[in-house]
> 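Structure provided below as structure tokens; questions to follow.
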Amino acid sequence: MAIQVLKPKFHVDECLAEIRECLEKGWTGLGFKTVEFEEAWKKYTGHKNAHYINSNTVGLEMAVEILRRENGWQPGDEIISTPITFVSTNHAILRSNLKAIFADVDDYLCLDPEDVEKKITDKTRAVMFVGYGGRIGQLEKIISICKKHNLKLILDAAHMSGTRMNGIFPGTLNGVDVTVYSFQAVKNLPTADSGMICFADDQYDAIVRKLSWLGINKDTYARSSSNGTYKWMYDVDYLGYKNHGNSIMAAIGLVQLKYLDEDNEYRRKLVRKYEELLKDNPKIKIIDANYKDECSYHIFEIAVPDRELVMGKLAEQEIYCGVHYRDNAEYRMYKDQMGKTPKAHELSEHILTLPLHLGVTEEDVVTICKTVNEVVK
Ligand SMILES: *Cc1c(COP(=O)(O)O)cnc(C)c1O
């Protein structure tokens, strides 16, 4: 059977039972399971605030937009970000009329603190950090830099569901202003599409709850009517979006969350096998992780001299790899950043994502590594 690079595993019967509850109750939208999922996520991660939304993409957009409005950032102000990411990360910056300035990456394919510091100008307002593949990289150094230069820190935690650092969820560290998770179809905690936005600041959390639902503010009137007569009455505070999550997705999320740690442990087992079988090949560079025993390992990459050759040979056996990601400066939209991050550019030409998910067995890893070692000499 063919092996895909990413593939979700759902606990089907349990998911259906949770969804059935929504259907029988006649409540599939905002509220009910979305509230339950937010509470479960807070309990699991230790985040003080969690707001359930329909994707990580819209979460990053709202994160940047709220920080921009509340802090008076001007058009053309800059956010330092990574070129090795899914394009949602950087689009969120442009969406708010700000400039994405790329800094180079380190050996974890996360932002390199030294280059970040070099890219700071008097227009820099924030840093956008991607926990690449679930890795923490040098996040702690980035936090110190942000504190020193009075910059906000946004954590794109699309890959980080379940990642810990000595038992702590990195998004909860003091100095991270907002963390955005993805529960998209192939992420570690798959639903179909959804995400969670976790602000450290309660006020920002209150704003995002309004902004994600057309700017509607129900609190003012809800408080003034004890018997619920004025339930229909509300004010509109912002030109908001329709970005909140729904109960069907939350129903799936609640079930999948129960298995997240177990699933991530399985991913780590496969990674250990990959590393054991590839580490002695001098032509293969394994993209390393720190806190390896607590990493979610959303993806596992190696860098090889000839990527096409390896992908082709594996495809002959119906084993499909991926590339995460092309240097974003190669996209027309970000071409002004071309040439500014040489290490990221070089690596992006050679990285290869090997299959890693709940449907891959240790025997599959042996088969894959055998081919890779035969091809890469
Ligand atoms: C998947 C992904 C996103 C977008 O997540 P969605 O929930 O699909 O919007 C953003 N950033 C990174 C790094 C991703 O991998």
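Counting begins at 1 with the first residue of the sequence. All ligand and atom numbering here is 1-based and tracks the order in the structure. A quick note: this is a predicted structure, and the numbers were derived from the prediction, not measured.
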> Under 4.0 Å from a heavy atom of S88: which atoms of ligand 1 are those, numbered in the order shown and with their elements?
4 (C), 10 (C)
> Between N56 and ligand 1, which residue portion shows a heavy-atom distance shorter than 4.0 Å: side chain, backbone, both, or neither?
both
> Honestly curious: do L354 and L358 fall in one hydrophobic cluster under the side-chain, below-4.5 Å linking rule?
yes
> So, T82 versus T85: side-chain donor-acceptor pair below 3.5 Å or not?
no
> When you look for heavy atoms under 4.0 Å from ligand 1, do you find them on the side chain of Y181, its backbone, both, or neither?
neither
> For residues V376 and N281, determine if any side-chain heavy atom of one lies less than 4.5 Å from a side-chain heavy atom of the other.
yes
> Counting non-hydrogen protein atoms only, what is the nearest one to atom 12 (C) of ligand 1? Give residue, atom name and distance.
A158 CB, 3.4 Å
> Is there any N or O on D156 that sits under 3.5 Å from an N or O of ligand 1?
yes
> To the nearest 0.5 angstrom, please state how far the CG atom of D112 sits from the NZ atom of K119.
9.5 Å
> By number and element, which atoms of ligand 1 are closer than 4.0 Å to a non-hydrogen atom of Q184?
7 (O), 8 (O)
> Once you measure the plane-to-plane angle for F300 and Y274, does it fall in the parallel (<30°), tilted (30-60°) or perpendicular (>60°) bin?
parallel
> Minimum heavy-atom separation for I197 and G59, please, with both atom names.
CD1-O, 3.3 Å
> Classify the contact between H159 and ligand 1 as side chain, backbone, both or neither, using a heavy-atom distance cut-off of under 4.0 Å.
side chain
> Distance from Q184 atom CD to T191 atom OG1, nearest 0.5 Å?
8.0 Å
> Which bit of T57 gets closer than 4.0 Å to ligand 1, counting heavy atoms only: side chain, backbone, both or neither?
both
> For ligand 1, does K187 get within less than 4.0 Å through its side chain, its backbone, both, or neither, judged by non-hydrogen atoms?
side chain
> I need the nearest protein heavy-atom contact for atom 7 (O) of ligand 1: residue, atom name and distance, please.
S182 OG, 2.7 Å
> Take every heavy atom of Y132, measure it against each atom of ligand 1, and state whether any distance is under 4.0 Å.
no
> Provide the number and element of each atom of ligand 1 under 4.0 Å from a heavy atom of T89.
11 (N)
> So if I count the atoms of ligand 1 from 1 in the order they appear, which ones are less than 4.0 Å from some heavy atom of T85?
13 (C)
> Should the pair Y181 and F183 be assigned to parallel (<30°), tilted (30 to 60°) or perpendicular (>60°) ring geometry?
parallel
> Show which residues join Y325 in its hydrophobic cluster (side-chain heavy-atom contacts under 4.5 Å, direct or indirect), or state none.
V5, L6, I84, F86, V105, L109, Y132, V186, I287, I299, L347, I351
> Which of the numbered atoms in ligand 1 are below 4.0 angstrom from a heavy atom of S55?
7 (O), 9 (O)
